[in-house]
Amino acid sequence: MDVLVVDHPLAQARLTAMRDARTDSAAFRAALHELTTMLVYEAARTLAVEHFPIQTPVAPTQGTRLADPPLLVPVLRAGLGMADAALALLPESSMGFVGLARDEHTFEPRAYMESLPVDLAGHPVFVLDPMLATGGSLEHCCRLLADRGCTEIIVLCVLAAPAGIERLDRSGLPLRLVTASIDEGLNEKAFIVPGLGDAGDRQFGGMPRF
Ligand SMILES: O=P(O)(O)OC[C@H]1O[C@H](OP(=O)(O)OP(=O)(O)O)[C@H](O)[C@@H]1O
Ligand SMILES: O=c1cc[nH]c(=O)[nH]1
Ligand SMILES: [Mg+2]
């Protein structure tokens, strides 16, 4: 599986703000928004483009645009904080939604929402979720997309644990990963270490489990 680590100093500064336990929710959301802009910029580098004629004030020339803007799929809740920034850079994109909550004991994802186009054959998809921990949630989400015929899945996350990367790699799904960091590992609660805590709670506050 192709993995790109965006180690640009401006990206790492936003990541540092997100890791810092003193960062409040508003500053956390702002840093995630800005970091997502950088992740999307890098992830979009390999998208297919098409050229078309335009006229500058001086002369005719060729313009460039994305041939097929990717479907954006934030994984609720935490991925919601990446949605606005991605849509700002990709204003022609459509958006689908997948809602997953990881069970605190089994660490398996429980699906509670799915709103996706029926047929994704031939279309690229950007999956937005800040955290790749055990990989259960993102594997579940990417499988939903592959089941709809998608063969070009790009996962954008803030932090990836080695176990999650290995799981996605083993899944055989047609994906590549863009992340701001590969962290050391997981603790006994399957939280990423050193990580940044619970990305959903840090943006939106704690939630009672269903
Ligand atoms: O790789 P995994 O082990 O599956 O863990 C990662 C998942 O955990 C977090 O979501 P969470 O279940 O906490 O839901 P939330 O976004 O509503 O907080 C995160 O946003 C990922 O979706
Ligand atoms: O460290 C982790 C692991 C899963 N989900 C999170 O939000 N954080
Ligand atoms: Mg959470």
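First listed ligand is number 1; within each ligand, the first listed atom is number 1.
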Show the atoms of ligand 2 that are less than 4.0 angstrom away from any heavy atom in [X].
X: Met131; result: 1 (O), 2 (C), 6 (C), 7 (O), 8 (N)
X: Ala133; result: 3 (C), 4 (C)
X: Gly197; result: 1 (O), 2 (C), 6 (C), 7 (O), 8 (N)
X: Arg102; result: 3 (C), 4 (C)

Looking at every heavy atom in both [X] and [Y], which two are closest together, and how far apart are they?
X: Arg102; Y: Ala190; value: NH1-O, 2.9 Å
X: Ala199; Y: Met131; value: CB-CG, 3.6 Å
X: Ala31; Y: Met18; value: CB-CG, 3.7 Å
X: Leu39; Y: Ala180; value: CD2-N, 4.0 Å
X: Thr36; Y: Ala86; value: CG2-N, 4.2 Å
X: Tyr112; Y: Arg77; value: OH-N, 3.8 Å

Rounded to the nearest 0.5 Å, what separation is found between the CZ atom of Arg29 and the CG atom of Asp84?
11.5 Å

Closer than 4.0 Å to some heavy atom of Ala78 - which atoms of ligand 1 meet that?
16 (O), 20 (O)

Numbering the atoms of ligand 1 from 1, which are under 4.0 Å from a heavy atom of Asp198?
13 (O), 18 (O)

Backbone, side chain, both or neither: what part of [X] comes under 4.0 angstrom of ligand 1, heavy atoms only?
X: Leu100; value: backbone
X: Ser137; value: both
X: Thr134; value: both

Among all the protein's non-hydrogen atoms, which is closest to atom 7 (O) of ligand 2, and how far away is it?
Ala199 N, 2.8 Å

Nearest non-hydrogen protein atom to atom 1 (O) of ligand 2, with distance, is Ile192 N, 2.8 Å

Any heavy-atom pair between the side chains of Thr23 and Arg202 that's under 4.5 Å?
yes

Find out whether Glu152 and Leu47 are in side-chain contact, i.e. whether some heavy atom of one side chain is under 4.5 Å from a heavy atom of the other.
yes

May I ask you to check whether Asp198 brings an N, O or S atom to under 2.8 Å from the Mg ion (ligand 3)?
yes

Under 3.5 Å, N or O to N or O, is Ala190 touching ligand 2 that way?
no

Do any N/O atoms on Phe191 end up under 3.5 angstrom from N/O atoms on ligand 2?
no

Tell me whether [X] has any N or O atom under 3.5 angstrom from an N or O of ligand 1.
X: Gly135; answer: yes
X: Met131; answer: no
X: Asp129; answer: yes

Answer yes or no: is there a donor N or O on one side and an acceptor on the other, between the side chain of Thr179 and the main chain of Val158, under 3.5 Å?
yes

Using atom types as modelled and distance alone, determine if a side-chain donor or acceptor of Asp183 lies under 3.5 Å from a backbone N or O of Gly195.
yes

Does Ala101 have a heavy atom less than 4.0 Å from any atom of ligand 1?
yes

Contact between Ala190 and ligand 1, counting heavy atoms under 4.0 Å?
no

Under a 3.5 Å threshold, yes or no: a donor from one side chain and an acceptor from the other, between Ser181 and Arg19?
yes

